[in-house]
Amino acid sequence: MHYIPREQSTFAFSKDNTPVLRIKSGEQVKFQTNDCFSNQIQSESDLVTSIDFSKVNPATGPVYVEGAMPGDVLKVEIGQITVREWGVISTLPEMGVLWHRAETRTKIVPVENSSVAHFNERIHFPVDPMIGVIGCAPAGDAVPCGLPGDHGGNIDNHVITKGSIVYLPVNVEGALFGLGDVHASMGDGEIGGTGIEIAGEVETTITVLKGKSIPRPFVETSDSWYTVASHEETQNAIQIACEDMQDLLVEKWDLTPTDAYLLMSVAGDVQMCQCCKPSPVDVVSRFRMPKLENLPRLLD
Ligand code: CA
Ligand code: ZN
């Protein structure tokens, strides 16, 4: 398995980034990742207000995948995710759903064996570490890793865990894939603006799919399919995620647009990846369609 250390990282998805690794389609890569603050927060006395925000959300990479061309799909199977023994939660001034009711504070959370978070002496809960930032370089201008978009980026989708498959549009030759911003845990919507931010290691298998195109990131888990869309306005993010799913159901499950809509209304779910408004970061929504018996796969 190829290995990329956390020092080989970038703060933007860009077609101009120099690849740190070149692989063939189907190869495995382990990414070592920094936490989203680039380790600038080491204790509860380090506040977000005192860190350098030009150094947040590093993505390890980029990886050049041979044969990947614009219009293809990059299939990224997520293997084992292991994380450091402690993570950081923070409130952020003027960001998040309840910031007006919060002080600006850093909380260090012990994480046991990548599987249990100890919020305090009384409260602990099981965790399934997830990837916050994952994407390919966009065709146009560079996009900072703190932002989500059609290329992926900071989509903060907590279903991207061990065993998930992430499908991304390839926009430039070689794809220039990267990932980072692992969270030991993050709730749907990430209402406060952070998960349990944590350094870690992520195992992946990266494959180019030819003859398929998708407009935006798409995720598969053992029991569900997810479209993922981001927009400044919540309702627009939801609508784009729904339209993408409707298009897939029309094409793959042989439904009329109206029948797909009816089925989605009764059997699918609108879910939020990220809605920590007020925030300069777009809202990210996803639409979940369960895998249904006797119906074909929606991708590959
Ligand atoms: Ca994030
Ligand atoms: Zn994060």
Side-chain angles (χ1 to χ4, degrees), residues 6 9-13 31-42 46-48 51-61 78 81-84 86-93 95-97 99 104-109 111 114 117 119 127-135 143-161 164 166 168 178-202 217 219 226 228-232 237 271-286:
R6 62 170 63 98
S9 62
T10 176
F11 294 106
F13 285 92
F31 295 78
Q32 188 187 46
T33 62
N34 244 330
D35 70 31
C36 76
F37 302 117
S38 295
N39 287 346
Q40 293 179 89
I41 295 182
Q42 291 285 326
D46 297 331
L47 298 180
V48 281
I51 66 168
D52 178 354
F53 260 83
S54 70
K55 294 204 180 88
V56 297
N57 283 305
T60 302
I78 309 299
I81 305 178
T82 53
V83 296
R84 190 174 59 191
W86 58 277
V88 179
I89 321 176
S90 176
T91 49
L92 297 150
M95 179 169 163
V97 176
W99 78 272
T104 299
R105 180 140 65 79
T106 296
K107 184 169 179 60
I108 301 288
V109 179
V111 178
S114 299
F119 185 80
V127 298
D128 190 9
M130 55 152 285
I131 300 164
V133 170
I134 186 166
V143 181
C145 293
L147 300 180
D150 293 351
H151 68 295
N154 189 20
I155 52 179
D156 278 328
N157 184 340
H158 80 168
V159 306
I160 302 180
T161 61
S164 303
V166 181
L168 296 162
L179 64 77
D181 185 28
V182 168
H183 302 155
S185 181
M186 190 199 90
D188 234 4
E190 198 187 31
I191 65 163
T194 68
I196 301 178
E197 307 295 335
I198 199 158
E201 289 191 333
V202 179
V219 182
Y226 299 89
V228 182
S230 55
H231 197 279
E232 197 177 322
Q271 300 176 337
M272 301 309 296
C273 298
Q274 193 185 68
C275 59
C276 44
K277 289 284 183 185
S279 143
V281 176
D282 285 358
V283 168
V284 185
S285 175
R286 63 178 184 269

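The model shown is predicted, which means the values in this text are computed figures rather than measured ones. Each ligand, and each atom within it, is numbered from 1 in the order the structure gives.
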inquiry  = Looking at F53, I'd like to know if its CZ atom is crowded, meaning that more than 12 non-hydrogen atoms belonging to other residues, nucleotides or ligands lie closer than 6.0 Å.
reply    = yes
Contact flag E190/the Zn ion (ligand 2), N/O/S atoms, threshold under 2.8 Å = no
task = Look at the side chain of N154 and the backbone N and O of G146, then say whether any donor-acceptor pair between them is shorter than 3.5 Å.
result = yes
inquiry  = Using side-chain heavy atoms (C-beta onward) and a distance below 4.5 Å, is T194 in contact with V88?
reply    = no
key: Heavy-atom check, side chain of I134 versus side chain of I155, under 4.5 Å   = yes
ask   = Nearest heavy-atom pair of T10 and C145: which atoms, and what distance?
value = O-SG, 3.6 Å
request  = Check the surroundings of atom NZ in K107: do more than 12 heavy atoms from other residues, nucleotides or ligands lie under 6.0 Å from it?
outcome  = yes
message = What's the separation between atom CG in N57 and atom CG in D181, rounded to the nearest 0.5 Å?
response = 4.5 Å
task = For the Zn ion (ligand 2), find the closest N/O/S atom belonging to E197 and write down its atom name.
result = OE1
Heteroatom N/O/S of D35 within less than 2.8 Å of the Zn ion (ligand 2) = no
note = Note, the Ca ion (ligand 1) has protein N, O or S atoms under 3.0 Å numbering 4
request  = Of all N, O or S atoms in D181, identify the one at the shortest distance from the Zn ion (ligand 2).
outcome  = OD1
task = Examine all N, O or S atoms of C36, backbone included, and report whether one is under 2.8 Å from the Zn ion (ligand 2).
result = no
ask   = Should we say atom CD of Q42 is surrounded by more than 12 heavy atoms from elsewhere, each under 6.0 Å from it?
value = yes
